[in-house]
Amino acid sequence: MHSPSKAFPVLRCKPVWGAIAVALLLAACGQKSDAPGVAPPRAEASAEAAAEAAQQIRIEPAMAGRFEVADAAMADLVPLQEVPGRIEANERLVTRIGASVTGRVTEVLAEVGDRVRSGQALANVASSELTQAQMAYLRAHSNAGLAERAVDRARQLFQADVIGAAELQRRESELSVARAELRAQGDQLRLLGISLQAIDALRERGTLQPHAAVLATQSGVVIERKISKGQVAQPGDPLFTVADLGNVWVVGALPEQTARVVEVGQRVDIEVPALGGRQLSGKIVYVGDTVSPETRTVPIRTQVDNPGRDLKPQMLATMRIRGETRRQLVVPQEAVIREGDRDHVYVRVADNTFRFVQVELGAAQNDLRPVIKGLSTGDPVVVQGAFHLHNERKRAELQ
């Protein structure tokens with residue numbers, strides 16, 4: 001019979017305690033990996049180090065002459081924003097013309113594209129209202145004639161001491177009222193489109209006009225027509241649109257993020273591709289006070305003279321808005337590498353060693369890109385040969 005000390009020697013228990021210790025250590029490691037604020041495992045640190053190393057490249061000393069490095073420096077830039085735009089008629093020189101009476105259109109005298117002058121007839125409308133207005137004018141003319149003759153008789157009777165001064169004054173007052181009514185009826189006929197010659201013929205010969213004319217109220221070009229023969233026209237219906245295209249608007253829309261730096265009076269250069277890239281210049285005359293909820297943009301416009309009528313509504317244009325001169329950190333356009341829809345540059349971190357750095361840059365101006373984020377003044381940047389250096393780094397990644 002063996003004693004317990006011989007059957008279970010103490011040395012044989014060590015592997016069991018060792019296994020327990022390993023299990024506890026693994027559990028502890030698992031808890032630490034989940035605890036917030038604790039450093040990542042060595043494997044993750046190695047992955048980050050590898051990713052960092054992948055952004056760097058070390059070149060042979062013999063290749064150093066192929067690349068030129070210069071410090072990122074400050075430069076005076078004039079901020080320039082490019083905004084897509086279009087030509088539109090100057091709304092202050094656009095007139096929408098309608099009929100003055102309710103009636104049926106008997107004749108259309110103008111088409112889209114016609115040049116018209118102020119007072120020119122664009123269409124004719126037959127209306128019973130016109131007939132009634134002409135009859136009212138004839139009655140006013142007759143009453144004015146009667147009042148004139150009554151005043152002449154009253155003056156004769158007053159001189160003969162047959163009537164008193166009060167009666168003469170009453171008849172003179174009636175004459176003033178009759179003349180005022182005649183003028184008012186004549187003005188009404190003018191509003192209905194009856195010419196002065198037609199009013200004279202109505203007064204002298206009693207000739208009634210069969211139709212009222214729709215008259216152009218300004219000179220310009222007919223850019224819209226909403227009328228056809230036989231159509232019933234109502235007062236207030238826009239039948240024609242006439243625009244003076246001697247001065248036009250160029251309108252655009254600014255992203256809401258950049259609208260705050262654009263002000264009324266700023267200079268703007270305009271390029272019209274349809275005219276062979278013709279360059280125009282002007283000033284911003286309007287910046288909207290509200291943002292479009294659909295496009296998240298702010299409307300702007302400028303106006304330019306158009307004496308030759310070369311600029312036509314709905315032509316496309318590019319607006320380049322110039323701001324005030326500012327001193328900014330810049331890098332040459334040649335130094336910029338576009339990858340993954342992001343801008344990058346190569347920065348020297350040691351002799352013959354460069355790091356691929358992501359940066360945020362503004363629009364190019366005279367082959368310079370203003371630095372918004374990612375670089376500091378004095379950072380050594382590869383300004384020539386960056387594309388070749390990028391290819392070398394990509395080739396090294398594949399090896």
Side-chain angles (χ1 to χ4, degrees), residues 84-134 186-199 201-202 208-253 270 272-275 278 280 285-286 299 301-317:
R86 65 182 181 279
I87 309 298
E88 288 189 358
N90 187 337
E91 284 293 335
R92 295 180 180 178
L93 301 177
V94 173
T95 302
R96 290 167 179 81
I97 303 168
S100 301
V101 294
T102 300
R104 191 172 297 279
V105 178
T106 59
E107 192 174 11
V108 178
L109 304 175
E111 300 292 339
V112 173
D114 290 352
R115 298 182 183 274
V116 297
R117 65 183 184 280
S118 180
Q120 180 177 333
L122 306 179
N124 289 324
V125 178
S127 171
S128 59
E129 293 180 14
L130 177 63
T131 302
Q132 295 171 4
Q134 291 179 96
D187 292 342
Q188 181 66 23
L189 290 178
R190 289 289 295 149
L191 291 175
L192 296 179
I194 302 300
S195 66
L196 289 175
Q197 294 79 3
I199 293 176
L202 175 64
L208 297 179
Q209 291 294 316
H211 54 256
V214 179
L215 300 177
T217 55
Q218 77 166 35
S219 299
V221 178
V222 179
I223 61 174
E224 187 177 26
R225 192 198 83 179
K226 294 183 177 180
I227 184 174
S228 300
K229 187 175 181 179
Q231 173 183 338
V232 175
Q234 299 277 352
D237 292 345
L239 305 180
F240 294 92
T241 301
V242 175
D244 181 359
L245 299 179
N247 184 277
V248 295
W249 283 350
V250 185
V251 301
I270 303 162
V272 184
L275 300 181
R278 177 179 170 184
L280 306 170
V285 298
Y286 170 78
R301 70 169 177 261
T302 183
Q303 61 184 38
V304 294
D305 292 330
N306 186 31
R309 306 299 194 274
D310 296 328
L311 300 174
K312 304 183 185 304
Q314 303 309 315
M315 274 186 174
L316 298 180

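These numbers come from the heavy atoms of this one structure, side chains and all, not from hydrogens, waters or symmetry mates.
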Practice task
Kindly indicate, with the supporting measurements, whether the criterion side chain to side chain contact (heavy atoms under 4.5 Å, CB included) is fulfilled by Leu202 and Leu189.
Solution key: CA-CA 11 Å; Leu202 175 64; Leu189 290 178; 3.8 Å; yes
Practice task
With rounding to the nearest 0.5 Å, note down the distance linking CD in Gln314 to CD1 in Ile87.
Solution key: 9.5 Å
Fill in the blank from the handout: Note: Val248 and Glu88 closest approach over all heavy atoms is CB-O, 3.5 Å
Exercise for the section: Would you indicate whether the side-chain heavy atoms of Ile194 and Leu130 approach each other to under 4.5 Å? Expected result: yes
Handout entry: Main-chain N/O of Leu191 paired to Asp187 side chain as donor or acceptor, under 3.5 Å
Key = no
Exercise for the section: Return the minimal non-hydrogen interatomic distance between Leu311 and Val304, and the atom names on each side. Expected result: CD1-CG2, 3.6 Å
Exercise for the section: Look at the side chain of Asp305 and the backbone N and O of Pro307, then say whether any donor-acceptor pair between them is shorter than 3.5 Å. Expected result: no
Handout entry: Which atom of Gln209 lies closest to which atom of Gln134, heavy atoms considered
Key = N-OE1, 2.6 Å
Exercise for the section: Please lay out, stage by stage, how Leu122 and Leu239 fare under the test side chain to side chain contact (heavy atoms under 4.5 Å, CB included). Expected result: CA-CA 9 Å; Leu122 306 179; Leu239 305 180; over 6 Å; no
Fill in the blank from the handout: Closest non-hydrogen contact found for Ala216 with Val116 is CB-CG2, 4.2 Å
Exercise for the section: Using the side chain to side chain contact (heavy atoms under 4.5 Å, CB included) rule, take Met315 and Arg86 through it: C-alpha gap first, then chi angles, then the decisive distance, then the call. Expected result: CA-CA 5 Å; Met315 274 186 174; Arg86 65 182 181 279; over 6 Å; no
Handout entry: Atom of Ala121, atom of Leu215 and distance for their closest heavy-atom approach
Key = CA-CD2, 3.8 Å
Practice task
Decide side chain to side chain contact (heavy atoms under 4.5 Å, CB included) for Thr241 and Val94; before the verdict, give the C-alpha distance in whole Å, the side-chain angles of both, and the deciding distance to 0.1 Å.
Solution key: CA-CA 7 Å; Thr241 301; Val94 173; 3.5 Å; yes
Practice task
Output every pair passing side-chain hydrogen bond (donor to acceptor under 3.5 Å, both in side chains) with a member in residues 95-104, not counting sequence neighbours, ordered by first then second residue.
Solution key: Thr95-Gln218, Thr102-Gln234
Practice task
Supply the atom-to-atom distance Gln188 CD to Glu129 CD, rounded to the nearest 0.5 angstrom.
Solution key: 9.0 Å
Handout entry: Least distance between heavy atoms, Ile199 atom then Gly186 atom
Key = CD1-O, 3.8 Å
Handout entry: Distance, nearest 0.5 Å, that separates CG of Asn306 from NZ of Lys312
Key = 7.5 Å
Donor-acceptor contacts, no H, no angles, side chain residues 107-114, under 3.5 Å, sequence neighbours left out:
unit_1: Glu107; atom_1: OE1; unit_2: Asn124; atom_2: ND2; d: 3.2
unit_1: Glu111; atom_1: OE1; unit_2: Arg225; atom_2: NH1; d: 2.7
unit_1: Glu111; atom_1: OE2; unit_2: Arg225; atom_2: NH1; d: 3.0
unit_1: Asp114; atom_1: OD2; unit_2: Glu111; atom_2: N; d: 2.8

